[in-house]
Amino acid sequence: MQTPQHATADLAAGLRLPTNWLDYTILAIYFVVVLGIGFAARRSVKTSLDFFLSGRSLPAWITGLAFISANLAATEILGMAANSAQYGAYTVHWYWIGAIPAMVFLGLVMMPFYYGSKVRSVPEFLLLRFDKAAHLLSSILFAFAAILIAGVNLYALAIVVEALLGWPQWVAIVVAGAFVLAYITLGGLSSAIYNEVLQFFVILAALIPLTILGLKKVGGWGGLTDKLTATHGGDFTTAWGGTGIGHANPLGANWLTIVLGLGFVLSFGYWTTNFAEVQRALSAKNLSAGQRTPLIAAYPKIFIVFLVMIPGLVAAALVPKIGTAGSGLQYNDAIPYLMQELLPNGVLGIAVTGLLAAFMAGMAANVSSFNTVFTNDIWAKYVVRGREDAYYVRFGRLITAIGVCCSVGTAFLASSFSNIMSYLQTLFSFFNVPMFVVFIVGMFWKRASAKSGFWGLLAGTVTAMVNYFVLYKKGVISIPTDQGANFVSAIAGFVAGAVVMVLVSFFTEAKPAEELQGLVYGTRSPGMTEAPAAGDDAWYRKPALLGWGAVVLAAACYIPFSF
């Protein structure tokens, strides 16, 4: 099919794939395997610890692949391709400074606190470090955010299936939600994790051919950069071009807001406190495996950027007006458009399966973390306390069903954003960043009082929302793009939360030193004195070597994109 130079208004409506029996057979096989894993994992679920944290029994390579697969969802596939089509090569920042340093920090610094304290969730750590008010507020905020983000994955899946296969959105949403509900309620977190390992390889099988054929279509990397430079300017294909303070660039952000807003606040807020990710590390069989989980995941994360950025750049080169009213294509349509243009049957079936796997992995990660937090941190601690363990397993399955139904509703909220990555970053600035500031102050400052956690979390959340909805949306301050506004909101929320925590701590009583053992940097608890297992002296079992290696490799990848 010839690529149109100017997409017509009905092009998006014409995004239909010529799927045949082979493609549908591949899809059917995948869904059968997914449900089979759910039934197989059901046999291992005997206690609530098995259901919510896989009995803390999984090896590091399993949890590491599940860790990256849980993130390899709408954020990665549609969102980052849309980001690249809209902003260009600036997308690399979301990986090399917006992920890798935070993942290393989680593994080397924060996992000993999480794993050593034997908490079942991220909010539960706040209960130990601060008080019930901070714990309950963080649990509610996280549960709400998890449902919103699960809805993003459902919406992303729906628009792809509708565009490519012709299914109505509601059918795609219901079918995908039903499959996720089935395998999580059957096998709990173990089922989700083993499916995420499978989904990781299926997703790669979908993205690699699309990237290679896309580059071939535009004449290789040289042809791609020439086309984009001619239509979008020279800064579109560089990481730092035009990011000087006061300069204009496609991203609408300068180097300071990129480094502080994305590289520190948003990045660390997401990777270190998002329980949908941390839950995978907490399911590891020991502290060493828990620490290595995000570090193992960091290595594929370094290179996945090419598989999502290049298709977005190719779409921008083939349809220069993508995302505008005249093209009929949203930025979110970059991947579906290329699939229609480039992939033959068979490969097409793998690609569609890969997309479905990505969205289901992201939704499963958020739903499984939602059911853990709601059951353990809200229901069991404040509503129905002291019941037998089997009761909470049954309730966990029930709240999973409720969470999936709620996700169907929140899927439609995402439809108002042409770039779902912007929507996700907005959610992270509201929910993850304020939680991160409470964690970081509480972990490194013994004087932070029990009351400061609640007020810091509340102040950070409210400030980020006010900055975005009032100052930015109402035009009180001028910020060129939604992404730039997200960076500023994140910085504002972080600063407000930290300032309020310091002020409240000066006027309220600190927790006794004996209650802070293992919860503040420089203190230790019995759970953190674990002896290394046999064979842990190998270099690839040493978290520090893995972590610094990932940071150095990510820094080296910046060099070709810096000029």
Side-chain angles (χ1 to χ4, degrees), residues 94 98 122-123 126 130 133-149 151-152 245 251-254 256-270 272-274 410 412-442 448-449 451-508:
W94 271 264
V122 168
L126 294 185
F130 296 102
H135 171 252
L136 181 58
L137 178 60
S138 65
S139 299
I140 292 172
L141 289 176
F142 177 80
F144 186 61
I147 292 300
L148 287 173
I149 297 170
V152 173
I245 296 176
L251 186 59
N254 57 53
L256 184 62
T257 55
I258 291 172
V259 172
L260 292 182
L262 174 62
F264 176 60
V265 180
L266 274 170
S267 169
F268 279 68
Y270 175 81
T272 64
T273 67
N274 183 10
T410 61
F412 295 100
L413 292 177
S415 62
S416 60
F417 288 77
S418 66
N419 182 341
I420 58 175
M421 187 58 184
S422 294
Y423 176 54
L424 285 165
Q425 293 292 310
T426 301
L427 296 180
F428 297 153
S429 69
F430 293 167
F431 300 111
N432 292 97
V433 168
M435 196 175 297
F436 171 63
V437 70
V438 173
F439 268 86
I440 207 70
V441 172
S449 69
K451 299 296 182 185
S452 68
F454 170 83
W455 291 108
L457 183 58
L458 183 63
T461 302
V462 171
T463 301
M465 289 182 173
V466 167
N467 181 81
Y468 188 84
F469 289 119
V470 178
L471 300 182
Y472 168 61
K473 286 296 187 181
K474 300 295 183 181
V476 177
I477 59 175
S478 178
I479 303 176
T481 65
D482 285 346
Q483 287 288 23
N486 291 332
F487 298 163
V488 174
S489 295
I491 294 172
F494 183 89
V495 172
V499 169
V500 168
M501 287 189 72
V502 172
L503 292 176
V504 171
S505 294
F506 284 148
F507 293 98
T508 55

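Along the sequence shown, the residues carry numbers beginning at 1.
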* Asked: Under the ring pair (Phe, Tyr, Trp, His ring centres under 6.0 Å) criterion, do F428 and F436 qualify, and how do the steps go?
  -> CA-CA 11 Å; F428 297 153; F436 171 63; over 10 Å; no
Any donor-acceptor pair under 3.5 Å from [X] side chain to [Y] backbone:
| X | Y | result |
| --- | --- | --- |
| S429 | T426 | yes |
| S138 | H135 | yes |
| T461 | L458 | no |

* To do: Output all residues satisfying ring pair (Phe, Tyr, Trp, His ring centres under 6.0 Å) with F487, sequence neighbours left out; order by chain, then residue number.
  =>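 W94.
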* **Those residues that, when tested against F142, pass ring pair (Phe, Tyr, Trp, His ring centres under 6.0 Å) (two or more places apart)** =>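 For F142, no residue satisfies ring pair (Phe, Tyr, Trp, His ring centres under 6.0 Å) once neighbours in sequence are set aside.
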Would you name the heavy atoms of [X] and [Y] that are closest together and state the gap between them?
| X | Y | answer |
| --- | --- | --- |
| F130 | S452 | CE2-OG, 3.7 Å |
| A134 | G453 | CB-C, 3.8 Å |
| V438 | G456 | CG2-C, 4.0 Å |

* To do: Just say parallel, tilted or perpendicular for the rings of F430 and Y468, cut-offs at 30° and 60°.
  =>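 Rings of F430 and Y468: perpendicular, over 60°.
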Can you name the residues that form a side-chain contact (heavy atoms from CB on, under 4.5 Å) with [X], not counting sequence neighbours?
| X | result |
| --- | --- |
| L148 | F144, T410, L413, Y423, L427, F431 |
| A143 | F370 |
| L471 | N467, V476, I477 |

What distance do [X] atom [atom1] and [Y] atom [atom2] have between them, rounded to the nearest 0.5 Å?
| X | Y | atom1 | atom2 | answer |
| --- | --- | --- | --- | --- |
| T272 | M435 | OG1 | CE | 10.0 Å |
| L266 | L424 | CG | CG | 11.5 Å |
| L137 | I140 | CG | CD1 | 6.5 Å |
| T257 | I479 | OG1 | CD1 | 9.0 Å |
| T508 | W455 | OG1 | CH2 | 11.0 Å |

Could you pull out all donor-acceptor pairs under 3.5 Å where a side-chain atom in residues 491-503 meets a protein atom, sequence neighbours excluded?
none

* Step-by-step side chain to side chain contact (heavy atoms under 4.5 Å, CB included) determination, D482 to K473 -> CA-CA 9 Å; D482 285 346; K473 286 296 187 181; 3.9 Å; yes
* **From CA spacing to verdict: side chain to side chain contact (heavy atoms under 4.5 Å, CB included), L126, F439** => CA-CA 8 Å; L126 294 185; F439 268 86; 3.5 Å; yes
